[in-house]
K.L.:
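Sending over a structure as structure tokens; questions will come in a sec.
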Amino acid sequence: MELSAKYNPTEIEGKWYAYWMAHQLFHSEPDEREPYTIVIPPPNVTGVLHMGHMLNNTIQDVLVRRARMQGKNACWVPGTDHASIATEAKVVAKLANEGIHKADLTREQFLEYAWEWTRKHGGIILEQLKKLGASCDWDRMNFTMNEAYSRSVIRVFVDLFNKGKIYRGVRMVNWDPKALTAVSDEEVIHKEELGRLYYIRYKIKQPQNPPAPEGGTPCDYCVVATTRPETIMGDTAVAIHPHDPKNAHLRGKTVIVPLINREVPIIEDEYIDIEFGTGCLKVTPAHDANDYLLGEKHRLEVIDIFNNDGTLNEKAQIYVGQERFAVREQIVKDLEAVGLLEKVESYLHKVGFSERTDVAIEPKLSMQWFVKMGELAEPALAAVMDDEVLLYPAKFKNTYRHWMTTIKDWCISRQLWWGHRIPAWYLPDGRFVVAEDSAEALKLAKAMTKNKSLAITDLQQDNDCLDTWFSSWLWPIAVFDPDVPGSGEEVDPNIDLQYYYPTSDLVTAPEILFFWVARMLMAGYEWAGGYPFKNVYLTGIVRDHLGRKMSKQLGNSPDPIALMDQYGADGVRMGMLLTSPAGNDLPFDEALCEQGRNFCNKIWNAFRLVNGWQADDTKEQPAHSAKAGEWFKHLLRKTVIEMNDDFDKYRLSEALMKIYKLFWNDFCAWYLEIVKPPSGQAIDGTTHATARLFFDYLLRLLHPFMPFISEEIWQHLQPRQPGESLMMQPQPYADCFDEDCLAHFEMIQQAIASVRTIRQTKNIPYREPLELYVKGEADETLFPLLQKMANLSAIRPGGPDGSRNVVSFLIGTTEFFVPLGAMLNVEEERRKLLADLEYQQQFVAAVKQKLCNERFILHAPEQVVAFERKKQADGEARIKAIEEQLAALQ
RNA sequence: GGGAGCUUAGCUCAGCUGGUUUAGAGCAUCUGCCUUACAAGCAGAGGGUCAUAGGUUCGAAUCCUAUAGCUCCCACCA
């Protein structure tokens, strides 16, 4: 078989993915094995793969593949999220491009367009995941708007409502004037903005003949500082602090709102910051959350001057129909014209923006649905604080606690059509019923009104949809059993849910810790009797090399598909994993993918070498090959133990680095080079079998990280049955290794490197054999190996007698000499030895100083003192050796 | 404004309960090699006052305090 000198991933990756699928290797059914479950964080149904997904799903695939190879029944459930705001926004934009406006469509017509869009774009992202190698159980594919899933969402709403945990109320919400919907606090991004602070004069309504304040002049105005002058038409009071001396004269007065000349009272409240601006606050209860609270407290009128789209309505009296920011510009000019603008200052402040549409959020009063969070949050908080559920890295526990203890009620209604419609039906008299469907609603309505003639057409279902997270918080439950919460009448408990729940690991981004992770925990305790996952691995954010978050807007995100085409999926997977410890940001660099690709090529060529060997069973195994095999066996064991430890701590990049070095440095550069037979000769049967065995183990260790190339080579390594796959082979096991064996070998490696250095500095080609003398401790059984790798004609014990033309080096306290004859540069050698001598003398001096310190001898543990003594003795031995060598140079 | 975290080689990071020969890795760099598995390679080498200043200790990259710089999260100062 001819194998190309370059590894070509594109030919191979598609082939093996199809093979795994054809043999149902990703599919899981409950059985007697221990389950290992991951539910995918469902990407937006119409989204495309970005670098964050690449990282996230690579990590999940590594964990799932490894669990599978550990004999667990691994199940990775894929699926998508309907993402109500994001998807609806895309559909609205697409329709607008075609000249169709949402407002002109009926709900049914719009939903038809949305479904069409979903069918067209939905699942693109899943095909991309397949290219990455994701070993999801595609038979378990789910979607948050599937019929069954939707039923579950509705049932949960009804259940919470019946438990009194859902209520309807007028609240100040974050209004997105572009998407025309309320959004949750978590969907508001606060950005710092350089705005302006406008000082506006409100005329004080004076009684006839106003008395002048003591020691001052009569004051016609009170000055109010605001960043939002366009809201003054909604003002219903001006507030001062009760103990503010400079505004005390305003007490009990009324002032006139500029331009519209409405008379409003001065109120007093301790909320006011005396130091800010003039100490006077204009109160606009309809358009500011704080003002709303003030308004409630002081029973102020609420005047809502905005339309839903951010334009002003007739209640504003002026600027009606104009956009809020245009009005801000205009009103400033108009105030100035009538002399009511005192001054304008630059002012740095935070403004809330909608995460989805990036427009400034408008605080707005409206009727919305809320979930009471207090009771739901309790078990979810305890789970994390008591380590029942573990966060990786644990530092997120603090943030989590902070959020969960200051949690506010969750506004779950969205003024959207794409999503789960709120199952509330309004009666003609304004009352409402909550039910799973319209028939049930009618029954309830009849009972409520005691009106038997009530018809379904008399009921009007709520027009709003539920927040996307109100469906995705059920994800780990509903993908296994959409009948939770049940009616309580079920006879057969759901087998899948019993077997797969709770899931093992959840891999997701820290930015949705509260959106999603916390709420899944709440749902788990509320409806599934316990936590939904044991471990939460929080990934970092993928950034470009300038440290910026990768985003579409910046255009700094590489196209994942193009990357995989260029470097292979395995190469990109390795690139993603190389620098991504849990919770750390990932500074992405294509060079990392290149490194991954190069590694694939290395693996490929190692295989080409081993594959090309002709085995001769009659040939005896050379001593160096036997010793190398022994060494590598122990090194392999050590690495397996270390990798297991890394995996236990979710240190995936370190585990990968260990197998990378084991394969490249130890297996290729050392083991294969040692056992490689001279060109054209056959290899002995024992070594041939051992090398293949090692290769097999290495492929198993590599497989979770690089599934494609490992499968390809494993299939070539020996004949396999149809349907056989590396992904189902057990991981290598080890619990101990021989440390001495590794240490002895390492010393020989250093000796070999030292001889090579001598060759390079002295310009002695490798072909020219050298002699070596060894004085001191060394494992002689490794000398044949040393001889082969350093190309030595002989290795002799002791020092070379009387010869001056010798170059030497030290490893530990063992001296090595290489006679060089005329090639030796005595002066250069002396310089080197003198430098070394000085270093050793300083070293010994430092150790001695430590040992002379009585308090050190007294306080330090015996072992540490003994170790320092050995350091001194070794150092002195080395000094003696160097001095002898210097003497020999004379 | 409150909270959390970070600062170790040119870059990205390990370094766990203070001591393991005067700090490790990968990448990058430099030098020499087209040696019949691989130049996407081989061999070798160089590179760090562990952010700064104090303190605790026989002993500090590691523990404590302060300072500086960076990052993230939360929060209604108009």
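All chains are named by letter (A, B, ...) in the order of the sequence lines, taking the proteins before the strands, and each is independently numbered beginning at 1. When reading the values below, keep in mind they use all heavy atoms of this one structure, side chains included, and skip hydrogens, waters and symmetry mates.
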K.L.:
Students often get this wrong, so: under 4.0 angstrom with heavy atoms, is A:C668 touching a base, only sugar-phosphate, or nothing?
P.N.:
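Contact class for A:C668: base.
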
K.L.:
Is A:R597 near enough to B:A40 that one of its side-chain N or O atoms lies under 4.0 angstrom from OP1 or OP2?
P.N.:
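Result: no.
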
K.L.:
Which pairs of donor and acceptor atoms, one on a side chain in residues 273-281 of chain A, lie under 3.5 Å apart (sequence neighbours left out)?
P.N.:
from: A:D273; atom 1: OD1; to: A:E275; atom 2: N; distance (Å): 2.9
from: A:T278; atom 1: OG1; to: A:V223; atom 2: O; distance (Å): 2.3
from: A:T278; atom 1: OG1; to: A:C280; atom 2: N; distance (Å): 3.3

K.L.:
Tell me, for nucleotides 59-65 of chain B in 5' to 3' order, what letter each nucleotide earns: B for a base near a protein heavy atom under 4.0 Å, S for only sugar-phosphate near one, - for neither?
P.N.:
-------

K.L.:
Over how many whole Å does the gap from A:R651 atom CZ to B:C13 atom C1' extend?
P.N.:
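Rounded to the whole Å, the gap is 11 Å.
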
K.L.:
Using the C1' atom as the reference point in each nucleotide, state the distance between B:A28 and B:U12 in Å, no decimals.
P.N.:
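Each nucleotide's C1' atom is 11 Å from the other's.
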
K.L.:
A:E868: what forms a salt bridge (charged side-chain N to carboxylate O under 4.0 Å, His left out) with it, not counting sequence neighbours?
P.N.:
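So A:E868 forms a salt bridge (charged side-chain N to carboxylate O under 4.0 Å, His left out) with A:K850, A:K871.
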
K.L.:
If a pair satisfies side-chain hydrogen bond (donor to acceptor under 3.5 Å, both in side chains) and one of its residues is in residues 228-241 of chain A, list it, with sequence neighbours excluded.
P.N.:
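Residue pairs passing side-chain hydrogen bond (donor to acceptor under 3.5 Å, both in side chains), neighbours aside: A:Y202-A:D235, A:R228-A:E230, A:R228-A:E362, A:E230-A:R328, A:T231-A:K282, A:D235-A:K282, A:D235-A:T284.
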
K.L.:
In whole angstrom, give me the gap between the C1' atoms of B:G2 and B:G46.
P.N.:
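Result for the C1' pair: 48 Å, nearest Å.
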
K.L.:
How does protein reach along nucleotides 24-36 of chain B, written 5' to 3' as B (base within reach of a heavy atom under 4.0 Å), S (only sugar-phosphate), or - (no contact)?
P.N.:
-SSS---BS---B

K.L.:
With sequence neighbours left out, write down each residue that passes salt bridge (charged side-chain N to carboxylate O under 4.0 Å, His left out) with A:R759, or none if nothing qualifies.
P.N.:
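Once residues adjacent in sequence are excluded, A:R759 has no partner under the salt bridge (charged side-chain N to carboxylate O under 4.0 Å, His left out) criterion.
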
K.L.:
Can you check the distance between B:C58 and B:G3, where both ends of the measurement are the P atom (answer in whole Å)?
P.N.:
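It works out to 35 Å between them.
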
K.L.:
Could you run down nucleotides 73-78 of chain B 5' to 3' and tag each one B, S or - for protein heavy-atom contact under 4.0 Å?
P.N.:
SSBBBB

K.L.:
Restricting to side-chain contact (heavy atoms from CB on, under 4.5 Å), what partner residues turn up for A:L390, sequence neighbours left out?
P.N.:
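If we apply the side-chain contact (heavy atoms from CB on, under 4.5 Å) test to A:L390, skipping adjacent residues, the hits are A:D387, A:Y392, A:N535.
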
K.L.:
Taking any heavy-atom pair under 4.0 Å as a contact, classify A:A846: base, sugar-phosphate, or nothing.
P.N.:
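Since no nucleic acid heavy atom lies under 4.0 Å of A:A846, the category is nothing.
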
K.L.:
Please say whether more than 12 non-hydrogen atoms of neighbouring residues, nucleotides or ligands are located less than 6.0 Å from NZ in A:K397.
P.N.:
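Yes - once you tally the heavy atoms of other residues, nucleotides and ligands closer than 6.0 Å, there are more than 12.
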
K.L.:
Out of B:G44, B:G41, B:U21, which nucleotide sits closest to the side chain of A:F867?
P.N.:
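Of B:G44, B:G41, B:U21, B:U21 is nearest to the side chain of A:F867.
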
K.L.:
List the residues meeting side chain to side chain donor-acceptor pair (under 3.5 Å) with A:D409, not counting sequence neighbours, and say none if there are none.
P.N.:
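Checked A:D409 against side chain to side chain donor-acceptor pair (under 3.5 Å); matches are A:Y167.
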
K.L.:
In whole angstrom, give the distance that lies between atom CZ of A:F396 and atom P of B:A4.
P.N.:
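So the two atoms are 15 Å apart, to the nearest Å.
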
K.L.:
With salt bridge (charged side-chain N to carboxylate O under 4.0 Å, His left out) as the criterion, how do A:E673 and A:K676 come out once you've worked through the C-alpha distance, each side chain's angles and the decisive distance to 0.1 Å?
P.N.:
CA-CA 5 Å; A:E673 287 300 330; A:K676 186 156 85 175; 3.4 Å; yes

K.L.:
Verify whether the ring centers belonging to A:F695 and A:F663 lie closer than 6.0 Å.
P.N.:
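Ring centres of A:F663 and A:F695 closer than 6.0 Å.
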
K.L.:
On a whole-Å scale, what distance lies between the C1' atoms belonging to B:G15 and B:C6?
P.N.:
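Looking at atom C1' only, B:G15 and B:C6 are 16 Å apart.
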
K.L.:
Using atom C1' in both nucleotides, what's the gap between B:A60 and B:C77 to the nearest angstrom?
P.N.:
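Here B:A60 and B:C77 have their C1' atoms 45 Å from each other.
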
K.L.:
Within this structure, what is the CD1-to-P distance between A:I541 and B:G5, rounded to whole angstrom?
P.N.:
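Rounded to the whole Å, the gap is 18 Å.
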
K.L.:
Residues two or more places apart in sequence or in another chain: which of them pass side-chain contact (heavy atoms from CB on, under 4.5 Å) with A:Q840?
P.N.:
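side-chain contact (heavy atoms from CB on, under 4.5 Å) check on A:Q840 returns A:D836, A:F843, A:R878, A:I879, A:I882.
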
K.L.:
Look at all strands and tell whether A:E673 reaches a base, only sugar-phosphate, or nothing, counting heavy atoms closer than 4.0 Å.
P.N.:
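The residue A:E673 makes base contact.
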
K.L.:
Roughly how far apart, to the nearest Å, are B:U36 and B:C42 at atom C1'?
P.N.:
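About 14 Å, rounded to a whole number of Å.
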
K.L.:
For A:E296, which residues count as a salt bridge (charged side-chain N to carboxylate O under 4.0 Å, His left out) partner, sequence neighbours excluded?
P.N.:
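Per chain and number, A:E296 pairs via salt bridge (charged side-chain N to carboxylate O under 4.0 Å, His left out) with no residue.
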
K.L.:
Contact class for A:A669 (heavy atom, under 4.0 Å): base, sugar-phosphate, or nothing?
P.N.:
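Sugar-phosphate contact only.
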
K.L.:
Taking only N and O in the side chain of A:K871, is any of them less than 4.0 Å away from OP1 or OP2 of B:U22?
P.N.:
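For B:U22, OP1/OP2 do have a side-chain N/O of A:K871 under 4.0 Å.
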
K.L.:
Whole-Å distance between B:C42 C1' and A:M789 CE?
P.N.:
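One finds 11 Å between C1' of B:C42 and CE of A:M789, rounded.
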
K.L.:
Counting runs of three or more consecutive pairs, Watson-Crick or G-U wobble, with each distance below 3.5 Å, where are the stems of RNA chain B?
P.N.:
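Correct response: B:1-7 with B:68-74, B:10-13 with B:24-27, B:29-33 with B:41-45, B:51-55 with B:63-67.
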
K.L.:
Please report, rounded to the nearest Å, how far the P atom of B:A43 is from the CD atom of A:Q749.
P.N.:
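Checked: the CD to P distance equals 11 Å.
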
K.L.:
Do the side chains of A:F588 and A:C593 get nearer than 4.5 Å, heavy atoms only?
P.N.:
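A:C593 vs A:F588: side chains touch.
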
K.L.:
Can you check the A:D589 CG to B:G10 C1' distance for me, whole Å?
P.N.:
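So the CG-C1' distance, A:D589 to B:G10, works out to 14 Å.
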
K.L.:
Which of the following nucleotides, B:C38, B:G19, B:U22, is nearest to the side chain of A:Y839?
P.N.:
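Closest of the options to the side chain of A:Y839: B:U22.
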
K.L.:
If you compare every side-chain N and O of A:K649 against the phosphate oxygens of B:C16 (OP1, OP2), does one of them come in below 4.0 Å?
P.N.:
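For A:K649, the contact criterion (side-chain N or O under 4.0 Å from OP1 or OP2 of B:C16) is not met.
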
K.L.:
Could you state the atom-to-atom distance from CZ of A:F663 to P of B:A37 in whole Å?
P.N.:
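Between P of B:A37 and CZ of A:F663: 15 Å.
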
K.L.:
For A:P861, report the nucleic acid contact type (base, sugar-phosphate, nothing); a contact means any heavy atom under 4.0 Å.
P.N.:
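The answer is base, as A:P861 lies within the cut-off (heavy atoms under 4.0 Å) of a base atom.
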
K.L.:
Using a 4.0 Å heavy-atom cut-off across all strands, classify A:N398 as base, sugar-phosphate, or nothing.
P.N.:
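Sugar-phosphate, backbone atoms only, no base.
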
K.L.:
Starting at CD of A:Q872 and ending at P of B:U20, how long is that distance when rounded to a whole Å?
P.N.:
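Rounded to whole Å, this separation is 17 Å.
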
K.L.:
Name the nucleic acid region contacted by A:R878, choosing base, sugar-phosphate or nothing; use a 4.0 angstrom heavy-atom cut-off, strictly under.
P.N.:
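Contact class for A:R878: base.
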
